Amino acid sequence: MSEYALEVRGLCKAWPGFALKDVSLALPRGYVMGLVGPNGAGKTTIVKLVMNLVSRTAGEIRVFGLDSRAHEVEVKSRIGFVYDEPAFPHDATARDIGRALGPFYPSWKEERFRALLAEFGVPPGKGFRKLSSGTQMKLSLALALSHDADLLLLDEPTAGLDLGFRRELLGHLSSVLQDERKSVVFSTHVTSDLERIADYVTFIRDGEVVFSLPKDELRDGWGIVKGNGSLLERLSDVPVRGVLRAAWGVEVLVADVAAARERCGPDTVIDRPSLDDVMVFMTRGDRHVDAH
Amino acid sequence: MRVILSNSSPEPIYEQIVRQARTQIISGELTEGALLPSIRSLAHDLQISVITTKRAYEELEREGLIDTVGGKGTFVAVQNPAFLREKRMKLVEEKLQAAVAEARLLGVGPGELTDMLRLLYEEEA
């Protein structure tokens with residue numbers, strides 16, 4: 001058994017007007033990875049490539065150590081998949097969908113599926129088209145959580161869901177992780193969903209992986225230094241990941257908070273960055289600062 | 001084990017767990033041999049990442065405060081009395097350090113601070 005739930009190496013995909021460039025990442029078994037990045041960065045493309053729903057230009061994908069194409073059937077039966085826009089036949093009810101899909105999964109649990117529908121408030125007898133988009137997502141999540149999947153692969157699973165339910169979902173995910181063989185990959189642009197339970201964060205921008213790190217390394221090792229224009233000179237030998245300029249001065253995202261504190265002294269304000277802050281610095285901030 | 005986490009504290013989450021568990025072990029609130037939640041169930045209870053709770057337990061193990069017995073769980077380690085005393089003395093030192101830092105900010109000198117300490121000590125007795 002591989003120690004990795006998911007390994008992606010050198011993955012490329014060219015669409016007209018968009019390219020996924022040399023994406024590599026690895027998620028050890030038993031952990032949660034968040035894929036974050038702006039809309040259109042390539043998160044959904046990565047997820048679809050893992051599910052082999054679209055063809056790749058180059059690269060390798062292994063799930064539980066198995067090649068995702070050579071072992072497609074086994075790999076897919078062990079993945080609980082949620083697509084960002086769930087699509088099922090319009091008139092099919094939740095009950096019909098469970099009955100149709102269940103047999104594809106060796107470890108399908110019909111009672112669990114029904115219990116989750118009840119818990120999530122999904123009417124089992126109503127046509128798919130008549131459900132609100134949030135309820136369609138809940139149905140899709142109930143399916144993914146009902147076959148004892150070893151890897152949950154969730155693409156924007158919280159889109160259209162209210163805060164209360166998002167918390168509830170995170171609770172379900174962390175229950176799944178009580179079993180150390182289970183893993184979760186979760187793509188989102190709502191970083192607060194990941195702030196709590198994600199073990200690893202992979203940030204995608206313009207089809208490329210900008211970083212893929214344990215979240216605690218970001219939380220505890222990175223910092224936002226605030227000050228006037230001379231700050232950048234003082235931080236010249238500290239790894240800088242982004243700069244935001246404001247009327248009162250600059251904010252600098254650094255990847256080594258200890259070094260920054262040493263250069264700037266104890267009176268300088270250095271904040272702990274949230275994932276949201278990191279996103280803002282990396283998508284809106286001045287990126288051409290490493291030249292200093 | 002009781003753990004209350006602050007997201008706005010500058011102290012890393014794993015350190016908050018280590019500090020609170022350490023205090024409860026040294027004070028005897030958590031007694032020798034007490035079973036602690038598993039890494040994964042603590043992560044679930046606190047709704048934080050498994051990596052974070054794992055790191056906290058590794059640190060507590062390094063300090064000799066807890067032991068993990070394969071297949072059975074994690075327990076508060078059997079404490080050597082001298083070692084425990086040393087740890088508790090360190091706790092006293094840390095609190096005094098905090099008092100010294102605060103006194104410095106207010107311009108309170110060592111003489112005045114010592115007087116205050118003596119007064120407080122006698123009051124307690």
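We name chains A, B, ... by the order of the sequence lines, and we start the count at 1 in each one. Because the structure is predicted, anything quoted here is derived from the model rather than measured. What's counted below: heavy atoms across the whole structure, side chains too, no hydrogens, waters or symmetry copies.
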Measuring heavy-atom distances to chain B, does A:Asp220 have an atom under 4.5 Å in its side chain, in its backbone, in both, or in neither? side chain
Give, as side chain, backbone, both or neither, the part of B:Ile39 having an atom under 4.5 angstrom from any heavy atom of chain A. neither
Okay, A:Glu180 and chain B: the region with an atom under 4.5 Å from a heavy atom over there is both
Result for ring-ring contact (aromatic ring centres under 6.0 Å, His included) between A:Trp222 and one of A:Phe203, A:Phe211, A:Phe281 points to A:Phe211
Per-residue contact mode, B:Glu15 against chain A (heavy atom under 4.5 angstrom): neither
Closer than 4.0 angstrom, basic N to acidic O: yes or no for A:Asp199 and A:Lys215? no
Go through the atoms of B:Ser9 and report whether side chain, backbone, both or neither lie under 4.5 Å from a heavy atom of chain A. backbone
Lys/Arg N to Asp/Glu carboxylate O, A:Arg219 vs A:Asp216, below 4.0 Å: no
Assess whether a salt bridge exists between B:Lys90 and B:Glu93, defined as any Lys/Arg side-chain N lying under 4.0 Å from an Asp/Glu carboxylate O. no
Given that the side chain runs from C-beta out, which part of A:Ser175 has a heavy atom under 4.5 Å from chain B: side chain, backbone, both or neither? both
May I ask you to name which of B:Lys54, B:Arg55, B:Arg40, B:His44 has the most heavy-atom pairs under 4.5 Å with chain A? B:Arg40
Under-4.0 Å salt bridge between A:Asp150 and A:Arg29: no
Can you say whether the rings of A:Phe120 and A:His172 are parallel (under 30°), tilted (30 to 60°) or perpendicular (over 60°)? perpendicular
